[in-house]
Amino acid sequence: MISLTDSQKIGMGLTGFGVFFLFFGMILFFDKALLAIGNILFVAGLSFVIGLERTFRFFFQKHKMKATSFFLGGVFVVLIGWPIIGVLLEIYGFFLLFRGFFPVVVGFIRRIPVLGSILNLPFISAPS
C-alpha cells in the first residue's frame, strides 16, 4: 500500500471535491459558481498532492506552454463568468497537458477484469 503524507491526503480530498464540483457544475447546466469552486479546488489539490515546485515544473515546461495557457485560460474564463467557453478551453488544455498519460491509463484499465475485456474488443482496440 502506498503511504501518503498528511498534505497529500488533504490534496487528494481537495482534488476529489474539485472533480465533484466540476462534474456537478456541468450537470447543472454549467453553473459558473460550482465550476469556479471546482477549478480552484482541483488546482489547489493537485499542488498539495505533488507539491508546489513540481506543479510549477509540470505546468510551465517549454513544450507544455500552449496546453498550460489553454487550461489556465479556461479556468480564468470560468472565473470571470463565461462557463461554457471556459470549460471547452479547459478540456482542450487538459487533453494537451495529460496526453502522455493516456496510454498508461488505458494500459492500466485493460488489466481491470470487466473494463479490460471491453477495451480489447476488435472494433475498440487499436490494431497491433
Side-chain angles (χ1 to χ4, degrees):
M1 177 134 184
I2 299 173
S3 63
L4 299 173
T5 64
D6 288 339
S7 65
Q8 287 176 327
K9 291 175 187 176
I10 292 169
M12 293 296 289
L14 288 174
T15 304
F17 278 118
V19 170
F20 170 75
F21 277 105
L22 286 171
F23 180 71
F24 200 56
M26 283 190 263
I27 286 177
L28 293 176
F29 302 112
F30 293 94
D31 182 61
K32 58 185 166 186
L34 290 175
L35 291 172
I37 291 169
N39 283 327
I40 292 168
L41 289 174
F42 179 78
V43 173
L46 184 66
S47 62
F48 267 93
V49 170
I50 65 174
L52 279 175
E53 182 182 346
R54 291 179 70 193
T55 302
F56 281 114
R57 276 194 282 157
F58 175 76
F59 278 109
F60 297 108
Q61 294 174 10
K62 209 171 223 181
H63 65 280
K64 291 185 179 181
M65 287 306 290
K66 177 182 172 184
T68 300
S69 62
F70 272 103
F71 183 75
L72 295 178
V75 170
F76 178 72
V77 169
V78 167
L79 289 175
I80 63 171
W82 295 332
I84 296 174
I85 296 169
V87 167
L88 290 174
L89 290 173
E90 282 180 43
I91 290 171
Y92 181 66
F94 181 83
F95 282 120
L96 288 179
L97 274 172
F98 295 102
R99 67 180 165 201
F101 294 118
F102 290 133
V104 175
V105 171
V106 170
F108 175 75
I109 291 174
R110 285 181 193 250
R111 289 189 234 152
I112 297 174
V114 175
L115 296 175
S117 60
I118 293 171
L119 282 178
N120 287 325
L121 292 173
F123 55 89
I124 294 177
S125 66
S128 298

Participant: Once ring-ring contact (aromatic ring centres under 6.0 Å, His included) is applied, do any residues pair with F42, and if so which ones, sequence neighbours excluded?
Facilitator: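 Result, ring-ring contact (aromatic ring centres under 6.0 Å, His included) vs F42: none returned.
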
Participant: Answer with yes or no whether the hydrophobic clustering places F95 together with V78; edges join I, L, V, M, F, W, Y residues whose side-chain heavy atoms lie under 4.5 Å apart.
Facilitator: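 Same hydrophobic cluster.
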
Participant: Got a sec, which residues hit side chain to side chain contact (heavy atoms under 4.5 Å, CB included) with F76, two or more places apart in sequence or on another chain?
Facilitator: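 F76 satisfies side chain to side chain contact (heavy atoms under 4.5 Å, CB included) with I80 only.
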
Participant: Does any pair with a residue in residues 72-95 pass side chain to side chain donor-acceptor pair (under 3.5 Å), and if so which ones, sequence neighbours excluded?
Facilitator: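 Residue pairs with at least one partner in residues 72-95: N39-E90.
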
Participant: Which side-chain N or O atoms in residues 97-108 pair as donor and acceptor under 3.5 Å with protein atoms at least two apart or in another chain?
Facilitator:
none

Participant: Does any N or O in the side chain of T68 come within less than 3.5 Å of the main-chain N or O of F59, such that one atom is a donor and the other an acceptor?
Facilitator: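 Between the backbone of F59 and the side chain of T68 there is a qualifying donor-acceptor contact (under 3.5 Å).
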
Participant: With a 3.5 Å cut-off and sequence neighbours excluded, list the donor-acceptor pairs that the side chains of residues 11-22 form with protein atoms.
Facilitator:
| residue | atom | partner | partner atom | Å |
| --- | --- | --- | --- | --- |
| T15 | OG1 | G11 | O | 2.8 |
| T15 | OG1 | L46 | N | 3.4 |

Participant: Provide the full list of salt bridge (Lys or Arg N to Asp or Glu O under 4.0 Å) pairs with a residue in residues 57-75, sequence neighbours left out, each pair given once.
Facilitator: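 Every salt bridge (Lys or Arg N to Asp or Glu O under 4.0 Å) pair that includes a residue of residues 57-75, provided the two are not neighbours, is E53-R57.
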
Participant: Among the clusters formed by ILVMFWY side chains lying less than 4.5 Å apart, do V77 and L96 turn up in the same one?
Facilitator: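 Same hydrophobic cluster.
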
Participant: Using side-chain heavy atoms (C-beta onward) and a distance below 4.5 Å, is F71 in contact with V43?
Facilitator: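 With C-beta onward as the side chain, the pair touches.
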
Participant: Distance-only criterion, 3.5 Å: show the donor-acceptor pairs between side-chain atoms of residues 26-36 and protein atoms not counting sequence neighbours.
Facilitator:
| residue | atom | partner | partner atom | Å |
| --- | --- | --- | --- | --- |
| D31 | OD2 | L34 | N | 3.2 |

Participant: Sort and list the pairs that fulfil side chain to side chain donor-acceptor pair (under 3.5 Å) and have at least one residue in residues 18-27, not counting sequence neighbours.
Facilitator: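 Not a single pair qualifies under side chain to side chain donor-acceptor pair (under 3.5 Å).
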
Participant: Count I, L, V, M, F, W, Y as connected when their side-chain heavy atoms are under 4.5 Å apart, and connections chain through other members. Are F94 and F58 then in the same cluster?
Facilitator: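 Linked, F94 and F58 end up in one cluster.
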
Participant: Among all residues two or more places apart in sequence or in another chain, which pass the side chain to side chain donor-acceptor pair (under 3.5 Å) test with S7?
Facilitator: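 Listed in chain order: T5.
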
Participant: Could you work out, with ring-ring contact (aromatic ring centres under 6.0 Å, His included) as the rule, every residue matching F23, not counting sequence neighbours?
Facilitator: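 Counting only residues at least two positions away or on another chain, F23 forms no ring-ring contact (aromatic ring centres under 6.0 Å, His included).
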
Participant: Tell me the closest heavy-atom pair linking S47 and A44, and the distance in Å.
Facilitator: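 Looking at all heavy atoms of both residues, the closest pair is OG-O, 2.7 Å.
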
Participant: Going only through I, L, V, M, F, W and Y residues with side-chain contacts under 4.5 Å, is there a path from V87 to I85?
Facilitator: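 Cluster IDs for V87 and I85 differ.
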
Participant: I want to check something: taking the side chain as every heavy atom from C-beta on, are F60 and M65 in contact at a cut-off of under 4.5 Å?
Facilitator: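 Side-chain contact under 4.5 Å: yes.
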
Participant: Just verifying a value: how many Å separate I40 CD1 and L79 CG, rounded to the nearest 0.5 Å?
Facilitator: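 Reported value, rounded in 0.5 Å steps: 5.0 Å.
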
Participant: If you round to the nearest 0.5 Å, how far is CD1 of I91 from CZ of F70?
Facilitator: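 If I round to the nearest 0.5 Å, the distance is 13.0 Å.
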
Participant: Among all residues two or more places apart in sequence or in another chain, which pass the side chain to side chain donor-acceptor pair (under 3.5 Å) test with N120?
Facilitator: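 So N120 forms a side chain to side chain donor-acceptor pair (under 3.5 Å) with R110.
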
